Undergrad: 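Please find one structure pasted underneath; my questions will follow.
Residue numbers start at 1 and run along the sequence shown. None of these values were measured; they are calculated from a predicted model.
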Amino acid sequence: MTTDPAPTVTEAAALARTWADKRGIVGWLRTNNHKVIGLRFIVTALVFFAAAGVMGGLMRHQLAKPDSTLVGPDFYNMLFSTHGTTMMFLFAVPMMQGFAVYLVPLMVGTRNTAFPRMTACAYWLYLIGGLLLFGAFFTNTGPDAGWFAYVPLAGPQYGLGKRADVWNMLVTYTEAMGLMVAVDITTVILKMRAPGMSLRRMPLFVWASLVTSVMIIFAMPMVMLAANLVQLDRMVGTHFFNPAEGGDAVLWQHLFWFFGHPEVYFIFVPALGFISAIIPTFARRPMVGHDAVALSLIATGFLSFGLWVHHMFATNIPELGKSFFTAMSFMIAIPTAVQIFCWIATLWAGRIHLRTPLLFVLGFFFILMIGGLTGIMLGSVPLDLQVHDTYFVVAHLHYVLIGGAVFPLFAAIYYWFPKLTGRMLNERLGRWQFWLFFIGVNVTFFPMHQLGLAGMPRRVYTYGAETGWATLSLVSTVGQVINDLSMFIFVFNLARTLWKGERAPDNPWGAGTLEWSVASPPPAYNFAALPVVSSREPLWSPPPPSSPTHVTGLSTQIREGLVTTVIDALPDVRYAYPEPEIWPFVAALLISAWLVWSIWSVAGFAWGMIPPAIAFIFWYWPNKEETLKELAREKPP
């Protein structure tokens, strides 16, 4: 580490050559640059979000009036199942992980993720899995048992055809993808931070990404196991969930919701990280209670694993057991409340600069508050038994997910779009989008609370005029149209900005974290010289006199970074990043062929493993050129 000037233009040019991807389709398929992969996750998730939104709009128009015949019951089952599956598995979690893949290496001051080939493979699995789901939907083979695929509806007795098999296959795709990315992000955060960035100096979004990744590592194997047990029941004739043969249908709910409730926090915790990154920037002061917010994120992740029976109060679980989960449902609100108080204190003590990202943050406060309060209500067993499987639950779910994830997500898009693209989204269009979306969400989902209390069950494709639900259902559909108009403005703003938007400076908001210290968009190598950190907001706090400002001695001829210690981020060893390879893409294709084959044939499950195994052998086979570079790097200078 040194206080000498930054690398010369010649050294920067050498880094650009070393880190550049090859041109053409092969280079596009081979790339393992975290920014390219992160951007692919984000764009793909937005496309799936749009597709699921169209499905949601179609459902709302079907329910806008009694006895509607816009769609039939079978297609409606596929519609709401694919809508929920897409939103939860193909949009929300991949979107949050995409932001982590893009931003975390920049925020912690390193040049790439630790295992970029693995993350590249994860993206291809994600894309292929999503395309297969929609291919099945358009060929009348989409899931039809809900995004939660309860047995026996998804079992061999009632889940006829291949619809339930498609859902099980998709879960394997998305959960494998999530685990691969989570391992990569966890390693980057714990072992590749810039020197001096101790755990207490980490940005709060990095803390949120770490908590989320650890949660994913513990929770996602559970739903993969459950989906494969159902697949064994369907393909081989086992009876894990068949009560007539000693199985237990409620076991599926335990396995699924042990993953399913933490999954809500896979989405929610990164959104809290977005908020904690945005508020200090627009309040023009450091976060009040930084350590308290970090500890609250950890507590939220820990407590989220103790809530799964919150979804199962209508089952035959002992009443005493339900009371513990009621208590936990109330308790998990405390860490979020701590963060809200810290955010309010930061805004109160700062000089607020009201721009579109902060508007979405303020909208998040209001929408999440309603969703949180109805969540407390549903945590009470007597009330939950009355409104279970009604539109009250639908309203709560959407208030929590839209307020807790989508509003912060739009705030993050407006906030980091200049860094991702080098252009500024239009402020006036952003405000129009915010107000239409804020109004539309409340008009769409607030009436659903009253519909639920009036007895309207969820997952029904039509209803009679005598029920009295028509007026509120029509109001809800009008709200959906307002939401659609908001999304059209957002898409127009994106297209207009990418075509001829205002050029963005490197740090247009005057933020204090490391990602704003590099060009917009960042170069392939991120940092010409790895920074040395001496405070939580390195761009707001100048380093002490004579203290090191950046790292020297890393090669410009190979892709090289620095590994640091876990607690204090002291320099440990140099690290040669893997070079781009075609094998992650090939492996994803062969894994996809294996999974598709396995839902049609038991033999395909066994024989289909062989081609991916061969691809992984080639993937990990030592490369002579890389080995020579490694040996040259290990020689003492």
Undergrad: Taking only distance into account, with no hydrogens and no angle test, what donor-acceptor pairs under 3.5 Å do side-chain atoms of residues 599-616 form with protein atoms, sequence neighbours excluded?
TA:
| residue | atom | partner | partner atom | Å |
| --- | --- | --- | --- | --- |
| Ser601 | OG | Ala603 | N | 3.1 |
| Ser601 | OG | Gly604 | N | 3.1 |

Undergrad: Under the side chain to side chain donor-acceptor pair (under 3.5 Å) rule, what do Ser68 and Gln62 come out as? Steps first, then yes or no, please.
TA: CA-CA 6 Å; Ser68 175; Gln62 162 68 14; 3.2 Å; yes
Undergrad: Shortest non-hydrogen contact from Val250 to Asp248?
TA: N-OD1, 3.0 Å
Undergrad: Checking Ser476 against Tyr391: is there a side-chain donor and acceptor pair closer than 3.5 Å?
TA: no
Undergrad: Take the angle between the ring planes of Phe268 and Tyr265 and call it parallel below 30°, perpendicular above 60°, tilted in between.
TA: perpendicular
Undergrad: Taking the six-membered ring for Trp, are the ring centroids of Phe148 and Phe256 within less than 6.0 Å of each other?
TA: no
Undergrad: Quick check: closest heavy atoms across Ile267 and Ala92, and the distance to 0.1 Å?
TA: CD1-CB, 3.4 Å
Undergrad: For Asn77 and Tyr461, run side chain to side chain donor-acceptor pair (under 3.5 Å): C-alpha distance rounded to whole Å, both residues' side-chain angles, the deciding distance at 0.1 Å, then the answer.
TA: CA-CA 8 Å; Asn77 281 343; Tyr461 87 103; over 6 Å; no
Undergrad: Kindly assign one of parallel, tilted or perpendicular to the pair Phe41 and Tyr123, based on the angle between their ring planes and the thresholds 30° and 60°.
TA: perpendicular
Undergrad: Ring-plane angle category for Phe274 and Phe205, please: parallel below 30°, perpendicular beyond 60°, tilted otherwise.
TA: parallel
Undergrad: Is it true that, when you exclude Phe330 itself, more than 12 heavy atoms of the residues, nucleotides or ligands shown sit nearer than 6.0 Å to its CZ?
TA: yes
Undergrad: Any side-chain heavy atom of Val269 sitting closer than 4.5 Å to one from Thr300?
TA: yes
Undergrad: Centre-to-centre under 6.0 Å for Tyr173 and Tyr126, is that the case here?
TA: no
Undergrad: Is the distance between the ring centroids of His261 and Trp308 under 6.0 Å?
TA: no
Undergrad: For Leu179 and Met224: C-alpha separation, side-chain torsions, deciding distance, then whether side chain to side chain contact (heavy atoms under 4.5 Å, CB included) applies.
TA: CA-CA 11 Å; Leu179 283 168; Met224 292 178 70; 3.8 Å; yes
Undergrad: What are the two closest non-hydrogen atoms of Lys65 and Tyr463, and how far apart are they?
TA: C-OH, 3.5 Å
Undergrad: Quick one: are Asn442 and Ile367 in side-chain contact, heavy atoms under 4.5 Å?
TA: yes
Undergrad: Would you check if the side chain of Thr238 reaches a backbone N or O of Leu232 as a donor-acceptor pair within less than 3.5 Å?
TA: yes
Undergrad: Determine the sole option in Trp167, Phe80, Phe48, Phe75 for which the ring pair (Phe, Tyr, Trp, His ring centres under 6.0 Å) test with Phe137 is passed.
TA: Phe75
Undergrad: Is there a side-chain contact between Asp389 and Val393, using heavy atoms and a 4.5 Å cut-off?
TA: no
Undergrad: When you look at CZ of Phe446, are more than 12 heavy atoms from neighbouring residues, nucleotides or ligands closer to it than 6.0 Å?
TA: no
Undergrad: For the backbone of Val394 and the side chain of His398, can you confirm whether one donor and one acceptor N or O come within less than 3.5 Å of each other?
TA: yes
Undergrad: Do Gln480 and Thr444 have side-chain atoms, one donor and one acceptor, less than 3.5 Å apart?
TA: no
Undergrad: Just checking, is any N or O donor in the side chain of Thr462 or Asp67 under 3.5 Å from an acceptor N or O on the other one?
TA: no
Undergrad: Using the ring centroid of each side chain, check whether Phe325 and His310 are separated by less than 6.0 Å.
TA: no
Undergrad: Kindly list each side-chain donor-acceptor pair under 3.5 angstrom involving residues 183-190, sequence neighbours excluded, with atom names and distances?
TA:
| residue | atom | partner | partner atom | Å |
| --- | --- | --- | --- | --- |
| Asp184 | OD1 | Ala114 | N | 3.0 |
| Asp184 | OD1 | Phe115 | N | 2.8 |
| Asp184 | OD2 | Thr113 | OG1 | 2.9 |
| Asp184 | OD2 | Thr119 | OG1 | 2.4 |
| Thr186 | OG1 | Ala182 | O | 2.7 |
| Thr187 | OG1 | Val183 | O | 2.8 |

Undergrad: Any side-chain heavy-atom pair from Arg459 and Tyr76 closer than 4.5 angstrom?
TA: no
Undergrad: Name all residues meeting the salt bridge (charged side-chain N to carboxylate O under 4.0 Å, His left out) criterion together with Asp144; count only those two or more places apart in sequence or in a different chain, and write none if there are none.
TA: Arg163
Undergrad: Is the Phe89 ring parallel, tilted or perpendicular to the Phe259 ring (thresholds 30°, 60°)?
TA: parallel
